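In what follows, chains carry the letters A, B, and so on, assigned in the order in which the sequence lines appear, proteins first and then strands, with residues in each chain numbered from 1. Source: prediction; values computed, not measured.
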There are 2 protein chains.
Amino acid sequence: MGDFMLHGDLHLKPGHLIRRAQQIAVSIFLDECKEFDLTPTQYAVLAVLREKSDLDQITLASRAALDRSTIGGLVERLEEKGWIRRTVGVEDRRQKLVSLTEAGQAMLETVEPSVERVQQRLLEPLNGDERAVFMALLERLVDENNESSRAPFKK
Amino acid sequence: MGDFMLHGDLHLKPGHLIRRAQQIAVSIFLDECKEFDLTPTQYAVLAVLREKSDLDQITLASRAALDRSTIGGLVERLEEKGWIRRTVGVEDRRQKLVSLTEAGQAMLETVEPSVERVQQRLLEPLNGDERAVFMALLERLVDENNESSRAPFKK
DNA sequence: TGCTGATAGACAGCATACTGATCGTCAGTG
DNA sequence: CACTGACGATCAGTATGCTGTCTATCAGCA
């Protein structure tokens, strides 16, 4: 970059490209999953619950990399749709333990092929080698900056 | 991926990683620029206006890769802060032409070093070669999926 | 047992995104 | 000139994401 360029081009800044990538990823997801009335974030919560049931909301939020102030409404919407259930914790009555309903499990199974297509479409512009390289670099960028987010991934 | 793995791990899905990267990018931006009361999106709008003045809101939104329904409120907040001004178009009275005020230009100059630091911090986990590779791949992914977004970049 | 600090969850308020509708203006045509 | 279709801007409604605050509850300790 020569001295003649006073400021970096907006479209070459990683922050801007990441923002556009996120818009694209959400858009493709909603397109592929429009028949299920499901958002990417809601899918993430359901996918976490598939791995482990009866998580309290804070733990659930951490595993899905969600902010604790966001998880409440999200879980409420999932409950309204009948995909999860909340029970007050027995050992700690502050906690609300969240788990998938049978409808939620069934729905996850059904939606999975669409979610796989989302990832395919996202990476479509890259060939096999490039996809592996891109994913490895992106994963490292995210992992090593994990603590810079208010909603860092945990456990 | 063997048959034993029924579904891809959430944390290996590009969509999820991109979402986390976006959270991190915003968080770092707000941290570096907290003294300026400026968001990444607001910065993008100001940076576009630095390149070309008196853009109507639709064109401005396209160049900053913003949705047309988002640009209104955004521009309003920037106007309240005194960084831009809006005038009704002379040739086409439907348009509102947006341009930087002197305060807006000065503010952009002042904030630029902080914005550069954001990009440095984001790419910190990668070495020089890896940064170039990552940026090239990310740019291609975004460009070739451009039309999948409701707010594709134009011009 | 009663006090204190920490934690889980909820909430208010703001900014970004998107869907879909509406309103005013423009431009081309009969 | 009136009609029609396209376009710029706005708005209502919903979802995510953040800051900051509050309440209920818990856990440790005097």
> Of Gln42(A) and Asp92(A), whose nearest nucleotide on DNA chain D comes first from the 5' end?
Replying inline: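 Mapping each residue to its closest nucleotide by heavy atoms, the 5'-most match is Gln42(A).
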> Does Ser69(A) or Arg94(A) map to a spot on DNA chain D nearer the 5' end, using the closest nucleotide for each?
Replying inline: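 Taking each residue's closest nucleotide, the earlier one in sequence belongs to Ser69(A).
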Where the side chain of [X] meets the backbone of [Y], is there a donor-acceptor pair that is under 3.5 Å apart?
X: Thr101(B); Y: Trp83(B); answer: yes
X: Asn145(A); Y: Pro125(B); answer: no
X: Ser27(A); Y: Ser148(B); answer: yes

What's the closest nucleotide to the side chain of [X] if the choices are [options]?
X: Lys96(B); options: dC18(C), dT10(D), dC18(D); answer: dT10(D)
X: Asp67(A); options: dG20(C), dC26(C), dC18(D); answer: dC18(D)
X: Gln22(A); options: dA8(C), dG17(D), dT10(D); answer: dG17(D)

Over all strands shown, is [X] touching base, sugar-phosphate only, or nothing at heavy-atom distances under 4.0 angstrom?
X: Ile71(B); result: nothing
X: Leu30(B); result: nothing
X: Thr39(A); result: sugar-phosphate
X: Thr41(B); result: sugar-phosphate

> Which word best sums up how the rings of His11(B) and His16(B) line up, parallel for under 30°, tilted for 30 to 60°, or perpendicular for over 60°?
Replying inline: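 Perpendicular.
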OP1 or OP2 of [N] sitting under 4.0 Å from any side-chain N/O of [X]?
X: Arg68(B); N: dA21(C); result: no
X: Gln57(A); N: dA10(C); result: yes
X: Gln23(A); N: dC18(C); result: yes

How many whole angstroms separate atom [atom1] of [X] from atom [atom2] of [N]?
X: Asp56(A); N: dA10(C); atom1: CG; atom2: P; value: 11 Å
X: Arg77(B); N: dG13(C); atom1: CZ; atom2: P; value: 17 Å
X: Lys34(A); N: dG20(C); atom1: NZ; atom2: P; value: 11 Å
X: Gln95(B); N: dC26(C); atom1: CD; atom2: P; value: 10 Å
X: Leu60(A); N: dA10(C); atom1: CG; atom2: P; value: 12 Å
X: Arg63(B); N: dG8(D); atom1: CZ; atom2: P; value: 14 Å
X: Ile58(B); N: dC26(C); atom1: CD1; atom2: P; value: 15 Å
X: Lys154(B); N: dC7(D); atom1: NZ; atom2: C1'; value: 12 Å

>> For a quick test of reading the model, state the closest non-hydrogen atom pair linking Ala64(A) to Arg19(B) and the distance between them.
In response: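 That closest heavy-atom pairing would be O-NH1, 3.3 Å.
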> Of the non-hydrogen atoms in Leu108(A) and Leu46(A), which two are nearest, and what is the gap between them?
Replying inline: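 Where Leu108(A) meets Leu46(A) most closely, the heavy atoms are CD1-O, 3.5 Å.
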> Closest nucleotide of DNA chain C for Arg19(A) versus for Leu55(A): which of these residues is on the 5' side?
Replying inline: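 Whichever sits nearer the 5' end wins; that is Leu55(A).
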